[in-house]
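Basis for what follows: all heavy atoms, side chains included, without hydrogens, waters or symmetry-related copies. A, B, ... follow the sequence lines: proteins, then strands. Residue 1 opens every chain.
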There are 2 protein chains.
Amino acid sequence: MEGKKVSIVDVAKTAGVSTATVSRVVNQLGGYSKETEKKVLHTIKECGFRPNVNAIGLRTRRSHSVGVIVPDITNEFFAKIVRTLDIFFIKYNYSVLICDSNEDPELEERHIQDMFDKNVDGLIYVSGMEAISSLVKNPRVPVVFIDRSPKNAEFVVQSDNYQGGYLAGKELCEKGCTRPLLIRDYRMASTIQQRRRGFLDALAEYGKTCEGNFEITILPDYKSAKEKVAEFLGEKGCCFDGVFTTNDMMALGTIHALAEAGYNVPGQVMIVGFDNVSLSEFCNPPMTTVAQDTEQMALVAGEALLKLIRKEPIEQKEYVVPIHLEVRSTT
Amino acid sequence: MEGKKVSIVDVAKTAGVSTATVSRVVNQLGGYSKETEKKVLHTIKECGFRPNVNAIGLRTRRSHSVGVIVPDITNEFFAKIVRTLDIFFIKYNYSVLICDSNEDPELEERHIQDMFDKNVDGLIYVSGMEAISSLVKNPRVPVVFIDRSPKNAEFVVQSDNYQGGYLAGKELCEKGCTRPLLIRDYRMASTIQQRRRGFLDALAEYGKTCEGNFEITILPDYKSAKEKVAEFLGEKGCCFDGVFTTNDMMALGTIHALAEAGYNVPGQVMIVGFDNVSLSEFCNPPMTTVAQDTEQMALVAGEALLKLIRKEPIEQKEYVVPIHLEVRSTT
DNA sequence: CTGAAAGCGCTAACAA
DNA sequence: TTGTTAGCGCTTTCAG
């Protein structure tokens with residue numbers, strides 16, 4: 001009895017009804033008696049019937065699945081979003097297709113095509129590149145953006161990046177920093193712009209001016225930060241006493257460069273990171289950092305996509321998730 | 001021209017051939033003239049034809065996709081495997097369906113069913129629970145196991161866990177440890193057993209005996225380790241001078257418990273972890289740990305699955321990936 | 001070398 | 001309330 005797959009025809013036959021009726025029951029479309037329903041449901045269970053998703057997809061052009069595109073699944077921030085989304089959608093019987101673009105536009109393009117080929121009913125696009133062109137090409141499927149806000153986006157959810165930058169600046173100023181330094185991703189994504197703006201505004205509020213070399217722009221990783229800070233230290237000495245980096249790995253690189261050059265953190269230089277990756281809690285000293293609420297972001301995005309898919313009205317096109325400062329030992 | 005999807009019929013029509021011929025060309029089955037091939041290929045490109053995967057799946061019962069099941073995508077170790085697999089399979093035009101079982105047997109069961117429903121051509125199962133029953137139920141699709149070796153497995157790839165444990169024990173002994181302690185996952189998975197065995201064998205080689213309370217068994221996370229070690233320290237004092245934990249988070253918990261109790265690492269107690277997560281490099285002090293070659297594991301698994309899917313002969317049923325000790329500052 | 005046609009499993013008119 | 005039936009887009013014999 002485990003030999004062949006049972007189809008809707010088999011169910012119909014053994015239940016003594018038509019395939020249409022079985023289909024109605026399976027999809028809970030109503031228009032059948034309580035009795036037939038019970039009968040059909042019973043035989044379905046009996047013979048272990050599972051609808052063939054390909055046949056359904058072929059007929060309906062829907063897949064009951066959504067795609068999630070992240071630039072790096074290896075990054076805890078994205079991994080958490082993916083996980084939350086996965087758990088969210090399974091509740092609604094949607095399966096999620098995860099795809100790691102690996103920061104590679106070509107790969108990303110390919111993955112997106114792949115998802116369209118699979119007839120995803122919707123897409124969640126997390127902080128990707130600008131190669132959104134191919135997304136827009138397909139107006140059939142709704143797209144929700146996390147952490148990135150292209151024009152014409154149907155729905156965008158982002159952390160309150162401005163507030164994050166502001167909190168970082170405020171923390172530094174209140175703890176007595178007088179010569180602040182900003183280290184940021186050289187690519188000026190909108191999120192980075194907002195963090196920067198918030199930071200500068202906080203400084204201004206405390207009467208700090210932003211002198212000449214107060215800003216370093218680099219690749220946003222540990223190594224770049226460490227090297228660049230070491231170099232900076234070598235050239236100009238420690239002409240700053242507080243640093244805000246636009247992510248935690250850069251903060252860590254900075255901490256280590258400082259430590260190796262013999263400076264004390266937070267004694268001589270304070271540091272605030274961004275993201276609150278678990279590393280920031282366990283490094284030495286534990287890092288003060290701006291924490292994003294990944295779970296909330298994912299949930300909001302999931303809910304919005306679901307509405308878009310169901311063509312329910314959506315009250316707002318944008319959602320800003322609150323952010324908070326996790327104060328630890330580098331400030 | 002962007003209005004409707006073009007099907008194989010459209011291509012056939014405009015190319016002036018039959019759908020059968022188009023199909024043959026698309027699938028490179030041969031049996032057509034160079035000329036028709038060129039003509040068909042050209043019109044395919046011309047009108048942007050993309051085969052409908054549902055129709056193909058419905059006909060062939062194959063999906064050209066494989067499933068990957070991990071217990072926690074948020075864990076760097078698994079995320080890396082997923083990413084490598086993804087990149088590997090895309091080369092062969094297979095798409096990979098990632099699923100995070102979230103250490104939840106019910107969710108896992110559901111995800112697996114889902115994958116079968118989607119007609120995955122193969123499955124890679126990474127260090128999951130024992131709920132493999134449902135896997136075995138479906139003898140149609142080949143399964144490759146990573147980091148777990150159930151009986152009857154078609155193919156298993158694992159790190160050389162025994163060697164890992166051995167290296168940890170040796171390192172401790174050579175650096176002068178006399179009272180070793182083992183802290184391990186309370187669940188005795190085969191991988192943990194092997195690490196333990198290797199560790200004990202190394203100790204024996206150096207004439208160390210394993211006295212009474214030399215082994216602590218806990219949940220394998222930071223918090224459990226930290227609490228348990230603190231408690232242990234409180235009850236018996238520091239009756240050990242070297243610790244091997246079966247993963248890095250436990251090692252970190254141990255380090256922190258020790259630090260808080262005022263013990264010096266590695267001065268009074270040495271520590272060796274397992275996994276080489278990036279945290280182990282950045283914590284304080286940077287941790288000596290046993291490094292698994294995740295990339296190699298993923299690649300071997302991917303290659304094996306591909307062979308299984310293609311029904312090519314497979315020379316061995318098991319593959320052991322070398323491991324090495326990353327010596328840092330806790331030993 | 002090429003085409004005609006059956007049918008994979010399901011849904012959705014339309015009829016009854 | 002239920003059944004009949006025509007496809008969805010593709011592969012795959014079987015004929016030619």
Side-chain angles (χ1 to χ4, degrees), chain A residues 3-44 47-65 93 116-121 140, chain B residues 3-44 47-65 93 113-114 116-121 140:
Chain A
K4 259 201 76 63
K5 277 232 169 181
V6 308
S7 79
I8 202 172
V9 188
D10 303 318
V11 176
K13 217 167 281 174
T14 64
V17 297
S18 74
T19 60
T21 298
V22 177
S23 175
R24 287 184 190 109
V25 171
V26 169
N27 296 300
Q28 309 188 55
L29 295 180
Y32 40 78
S33 69
K34 211 73 197 141
E35 196 182 356
T36 28
E37 179 180 20
K38 203 163 67 179
K39 194 168 50 182
V40 171
L41 249 23
H42 179 262
T43 51
I44 282 179
C47 57
F49 166 68
R50 308 223 95 216
N52 181 315
V53 295
N54 281 319
I56 296 174
L58 184 55
R59 249 333 284 246
T60 65
R61 298 198 147 292
R62 267 173 283 110
S63 63
H64 231 73
S65 70
N93 270 308
F116 284 146
D117 286 351
K118 291 211 176 96
N119 287 310
V120 290
D121 300 336
R140 262 179 275 268
Chain B
K4 260 202 72 68
K5 277 234 170 180
V6 309
S7 77
I8 202 171
V9 188
D10 304 317
V11 175
K13 219 167 279 175
T14 66
V17 297
S18 72
T19 60
T21 298
V22 177
S23 175
R24 287 185 191 110
V25 172
V26 169
N27 297 299
Q28 309 188 56
L29 295 180
Y32 40 77
S33 68
K34 211 72 194 143
E35 196 182 356
T36 26
E37 177 179 23
K38 202 163 66 181
K39 194 168 50 183
V40 171
L41 250 22
H42 179 261
T43 52
I44 282 180
C47 56
F49 166 68
R50 308 223 95 215
N52 180 313
V53 295
N54 282 320
I56 296 174
L58 184 55
R59 255 321 292 240
T60 65
R61 299 197 146 294
R62 266 171 283 110
S63 62
H64 230 72
S65 71
N93 270 307
Q113 265 309 336
D114 210 69
F116 283 146
D117 287 351
K118 290 210 176 96
N119 287 311
V120 289
D121 299 337
R140 264 179 274 269

Next on the checklist: Closer than 3.5 angstrom, by distance alone: can the side chain of A:D121 be matched with the main-chain N or O of A:H64 as a donor-acceptor pair?
Outcome noted: yes
Rounded to the nearest 0.5 angstrom, the SG-NE2 distance for A:C47 and A:H42 is 10.0 Å
OG1 (A:T14) and NZ (A:K39) are apart, to the nearest 0.5 Å, by 10.5 Å
When rounded to whole Å, the CD1 to P distance for the pair B:I44 and D:dG9 reads 16 Å
Side-chain atoms of A:A55 come closest, of C:dT11, C:dG9, D:dG9, to C:dG9
Nearest heavy-atom approach of B:D10 to B:S7 is OD2-N, 2.6 Å
Whole-Å distance, B:Y32 OH to C:dC1 C1', equals 12 Å
Note: for A:S7 and B:G30 on DNA chain C, the residue whose nearest nucleotide lies more 5' is B:G30
Nearest heavy-atom approach of A:P51 to A:I56 is CB-CD1, 3.7 Å
For B:A15 and B:T43, the nearest pair of non-hydrogen atoms, with its separation, is CB-OG1, 3.5 Å
d(A:N54 CG, B:T60 OG1) to nearest 0.5 Å is 8.0 Å
By nearest-nucleotide position on DNA chain C, the 5'-leaning member of B:E37 and A:F49 is B:E37
Heavy atoms of A:R24 and A:G30 approach each other most closely as CD-O, 4.1 Å
Rounded to whole Å, NZ of A:K34 lies from C1' of D:dT2 at a distance of 17 Å
To the nearest angstrom, the CG-C1' distance between A:L58 and D:dA6 comes to 13 Å
Between NZ of B:K5 and P of D:dG9 the distance, given in whole Å, is 10 Å
Polar atom pairs between nucleotides 12-15 of chain C and protein, under 3.5 Å, N or O only, would you list them?
unit_1: C:dA12; atom_1: O4'; unit_2: A:R59; atom_2: NH2; d: 3.4

In short, the helix from C:dC1-D:dG16 to C:dA16-D:dT1 is bent end to end, axes from five pairs each side, to 10°, by 40°
Rounded to whole Å, CG of B:N52 lies from P of D:dC10 at a distance of 6 Å
note: B:I56, atom CD1; C:dG9, atom C1'; distance rounded to Å ~ 16 Å
Using a cut-off of less than 4.0 Å, is there contact between a side-chain N or O of A:S33 and OP1 or OP2 of D:dT2? yes
Rounded to the nearest 0.5 Å, the CZ atom of A:R50 sits from the CD atom of B:Q113 at a distance of 4.5 Å
Against the side chain of A:I8, the closest entry in C:dC10, D:dC10, C:dC8 is C:dC10
What residues 10-18 of chain B contributes to the DNA chain D interface at heavy-atom separation below 4.0 Å is none
On a heavy-atom basis, the closest approach of B:S18 and B:A12 is C-CB, 3.7 Å
Keeping the roles fixed (side chain from B:T19, backbone from B:I8), state whether a donor-acceptor pair exists under 3.5 Å. no
Here the pair of heavy atoms bringing B:V22 nearest to B:V17 is CG2-CG2, 3.8 Å
